[in-house]
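A quick write-up on the structure given underneath.
Given the structure is predicted, the values throughout are model-derived calculations rather than measurements. Every chain is numbered from 1, with letters handed out A, B, ... down the list of sequences.
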Number of protein chains: 2
Amino acid sequence: MTTAAITKSNSSLSSVISKNAFPVVSNEAGWRCHGNLWSNLREVCELLRIPTPAASADEEVLFQHVRYKAGQRVHTIGQDFDTLYIVNSGFLKTVLIDEYGNEQVLSFPMKGDLLGIDGIHNQHHASEAVALSDCDIILMPYKTFSALGRTYAELEQAMFSVMSRELVREQIMIGMLSALSAEAKVARFLTTLGERFSQLGYSGKSFNLRMTRHEIGSYLGLTLETVSRTLSAFNEMGMISVDQRQIALLDVPALKTLRRLPPAKARIKVSEKVSALVGKNLLPQWGKEVAVALN
Amino acid sequence: MTTAAITKSNSSLSSVISKNAFPVVSNEAGWRCHGNLWSNLREVCELLRIPTPAASADEEVLFQHVRYKAGQRVHTIGQDFDTLYIVNSGFLKTVLIDEYGNEQVLSFPMKGDLLGIDGIHNQHHASEAVALSDCDIILMPYKTFSALGRTYAELEQAMFSVMSRELVREQIMIGMLSALSAEAKVARFLTTLGERFSQLGYSGKSFNLRMTRHEIGSYLGLTLETVSRTLSAFNEMGMISVDQRQIALLDVPALKTLRRLPPAKARIKVSEKVSALVGKNLLPQWGKEVAVALN
DNA sequence: CGTTTGCTTGATGAGATTCAACACTTGTGG
DNA sequence: CCACAAGTGTTGAATCTCATCAAGCAAACG
């Protein structure tokens, strides 16, 4: 693996260089080389939250970073597949386009997520990845990926694990789409987004949505109006606070257990709730601490 | 790989034997040995529709078949993961169980499909696989799977491809769940089921549903009543014929392009339609050949 | 032969979409 | 600099789709 292909830095689909081939400068985030940032295998593994192969300390393979501006596409539907992408920073969406040109949002990848897996099958991308903010993305040529997997058994195992993780995520998504009410979908969306942010070291309670109401609606199988209305309702009930795209989660347990919103006339603010009244022995029809009926 | 583990045939989670270790009898479907059926790598690859590694002609690894009766579980949620399953014959469902014990159907695997991938991540199954008919299933211990992938590069590549295929399938499922009407969901369900049957050499126009209306509804995010009503409506319009679980697809193009059913009073039978009246230059609001307004 | 399970069909209503109007922000070009 | 357009978000009213509740029937089963 020390004789990997050498690519000029101005090539958009570059791949791998030997660390010895160019003068490189180490820093915390990777190596800067000819104006581009590069990462080694250890950094990539940490990003993907998989164990670093023990024997790879002397690995000389480097992976190029590429920057995308908001709105740019990382890959498009039908494009030939030859590289995987790992998000180093920024926020994206992946979409499917149906026969009428409508976008269907599939996921909102962020730091540490792997993009492009859908292209492995039949060598063409089935979906499109669009940057929602400026992004820094690491290129992992599929050939290099395969070669590394062959060299390091643990790495290959980890890649299967990452794909399996993604599959499970989509299964849960399917379950959520077909079983939950609109309110429950929005509530889950907010809490899982918060969890993802806090896993990355950011605040899980207060964050900025990087996507439009329309994109959220597409992701959840709702219209943008329903999303907007639901956020307003949560806000009015004191479960969250909304100001444009700035969100604060004020009652995460309520959001997590919410299944269905009570009729509007029965709603009261969370601040007025009497926790002692909330039974814990039965399956509540509504979220345990969402609301208390007026009686 | 010629010194694989030897397991007695009465072990339920058996794995791999050397062909030389036992007297085996070859036949068209595999090798019969001590009352059990075994398959070699070539047969497994053909079943999965992936290329057989060229160098594997002399491969001695055999994979045990296990039979499941209708209703039996191949694996359950939370169960330790150590083997993958390949459907050789029969019909199954995979389900998720939510926090209230409700089943959420995720897929209906049949011949040639791979089960258990969801367990690779964190070594526990996230879903449950239940036989809907008597099934014959090939066991592929994950350790053997990994070892084979290490030995045959093409095989490893093919396994990534199979997982990618599964991922794309789920993505399309997500798009369908969140974007289509109830009628369109049922129509798609029928046509894709027909396509799968015809790929297996059976009739794609006339087949038996192996699952209940309830299971179809769970899979599509609908209630069983809606599924029943929709099938009845399709039947009345002449697009399909339904007799209990026996289905015949009479107008596949109509089913494929259907987006939304016209109001009941405007429906006419397909047999009465005047094809010449159907414009082809605009996106039709309803399926191109579903119905013609009365005017 | 009663019981269970699956399927169909009708009546009704809740929940989500659709259509529409308006406010707010952002970017553009004169 | 402002006018204007385009994109985004909120909210209301009307509509419609689909779920729910309920009843009845057929097939399967012990």
Side-chain angles (χ1 to χ4, degrees), chain A residues 69-71 93 102-103 105 130 132-133 177-187 189 208-236 240-247 258-267 285-286, chain B residues 69-71 93 102-103 105 132-133 177-187 208-236 240-247 258-267 285-286:
Chain A
K69 290 215 175 66
K93 66 174 176 182
N102 303 314
E103 276 195 358
V105 176
V130 185
L132 293 180
S133 69
L177 278 174
S178 58
L180 297 190
S181 67
E183 295 85 8
K185 286 177 183 175
V186 175
F189 171 72
N208 233 281
L209 299 176
R210 304 294 167 71
M211 67 294 278
T212 67
R213 305 289 195 259
H214 180 74
E215 287 160 341
I216 297 174
S218 170
Y219 179 66
L220 298 176
L222 303 171
T223 59
L224 66 95
E225 293 97 328
T226 302
V227 174
S228 177
R229 271 186 252 272
T230 307
L231 290 176
S232 298
F234 287 172
N235 184 56
E236 199 163 334
I240 67 173
S241 82
V242 196
D243 175 31
Q244 295 291 99
R245 299 195 180 174
Q246 185 62 37
I247 299 278
L258 185 144
R259 303 216 98 198
R260 177 141 309 181
L261 228 44
K265 45 180 70 169
R267 287 180 206 163
Q285 164 134 32
W286 306 320
Chain B
K69 291 218 173 66
K93 67 174 175 182
N102 303 314
E103 275 196 359
V105 176
L132 293 180
S133 69
L177 278 174
S178 57
L180 297 190
S181 67
E183 296 84 12
K185 286 178 183 176
V186 176
N208 232 281
L209 298 176
R210 304 294 168 73
M211 68 293 279
T212 67
R213 305 289 195 258
H214 180 74
E215 285 161 342
I216 298 175
S218 170
Y219 179 66
L220 298 176
L222 303 170
T223 59
L224 69 98
E225 293 97 328
T226 301
V227 173
S228 177
R229 271 186 253 272
T230 307
L231 289 176
S232 298
F234 288 170
N235 183 55
E236 198 162 335
I240 68 174
S241 83
V242 197
D243 175 32
Q244 295 291 97
R245 299 197 179 171
Q246 185 62 36
I247 299 279
L258 184 143
R259 304 216 98 199
R260 177 140 307 174
L261 230 43
K265 45 180 68 167
R267 287 179 206 163
Q285 164 134 31
W286 305 321

(message) Strictly distance-based, threshold 3.5 Å: is any side-chain N or O of A:S218 a donor or acceptor partner for the main-chain N or O of A:V105?
(response) yes

Rounding to 0.5 Å, atoms NZ (B:K185) and OG (A:S178) come to a distance of 7.5 Å

Output for pair (A:Q244 CD, A:R213 CZ), nearest 0.5 Å, gives 7.0 Å

Taken in chain and number order and not counting sequence neighbours, the residues that satisfy salt bridge (Lys or Arg N to Asp or Glu O under 4.0 Å) with A:E225 are none

B:N102 CG to D:dT20 P, in whole Å, measures 11 Å

- [ ] Establish, with yes or no, whether the OP1 or OP2 oxygen of D:dG7 is under 4.0 angstrom from a side-chain nitrogen or oxygen of A:R213.
- [x] no

- prompt: Are any of B:T226's side-chain N or O atoms less than 4.0 Å away from OP1 or OP2 of D:dT17?
  reply: no

When rounded to whole Å, the CE to C1' distance for the pair A:M211 and D:dG7 reads 17 Å

When rounded to whole Å, the NE2 to P distance for the pair A:H214 and D:dA6 reads 18 Å

Answer yes or no: is there a side-chain heavy-atom contact under 4.5 Å between B:V227 and B:T223?
no

Under a 4.0 Å heavy-atom cutoff, the residues of residues 216-224 of chain A touching DNA chain C are A:G221, A:L222, A:T223

note: B:N235, atom CG; C:dC7, atom P; distance rounded to Å ~ 15 Å

In whole angstroms, the gap separating C1' of D:dT8 from CZ of A:R210 amounts to 17 Å

For D:dG9, does OP1 or OP2 lie under 4.0 Å from any side-chain N or O of A:S228? no

What are the atom names and distances for every N/O pair under 3.5 Å that joins the protein to nucleotides 12-16 of chain D?
residue : atom : partner : partner atom : Å
D:dG12  : N7   : A:R229  : NH1          : 2.9
D:dG12  : O6   : A:R229  : NH2          : 3.1
D:dA13  : N6   : A:R229  : NH2          : 3.4

Value for CD (B:Q246) from CG (B:L209), rounded to nearest 0.5 Å, stands at 8.5 Å

**Request:** Give a yes or no on whether the backbone of B:S228 and the side-chain of B:S232 come within a donor-acceptor separation of less than 3.5 Å.
**Result:** yes

Atom CD of B:E215 and atom C1' of C:dC7 are separated, to the nearest Å, by 14 Å

In whole angstroms, the gap separating C1' of D:dG9 from CG of A:D243 amounts to 11 Å

From NZ of B:K185 across to P of D:dA19 the rounded distance in Å is 8 Å

Checking A:L220, A:T226, A:I216, A:L180 against A:V186 for side chain to side chain contact (heavy atoms under 4.5 Å, CB included), the one that qualifies is A:L220

Would a distance-only check, ignoring hydrogens and angles, find a side-chain to backbone donor-acceptor pair under 3.5 Å from A:K93 to A:V130?
no

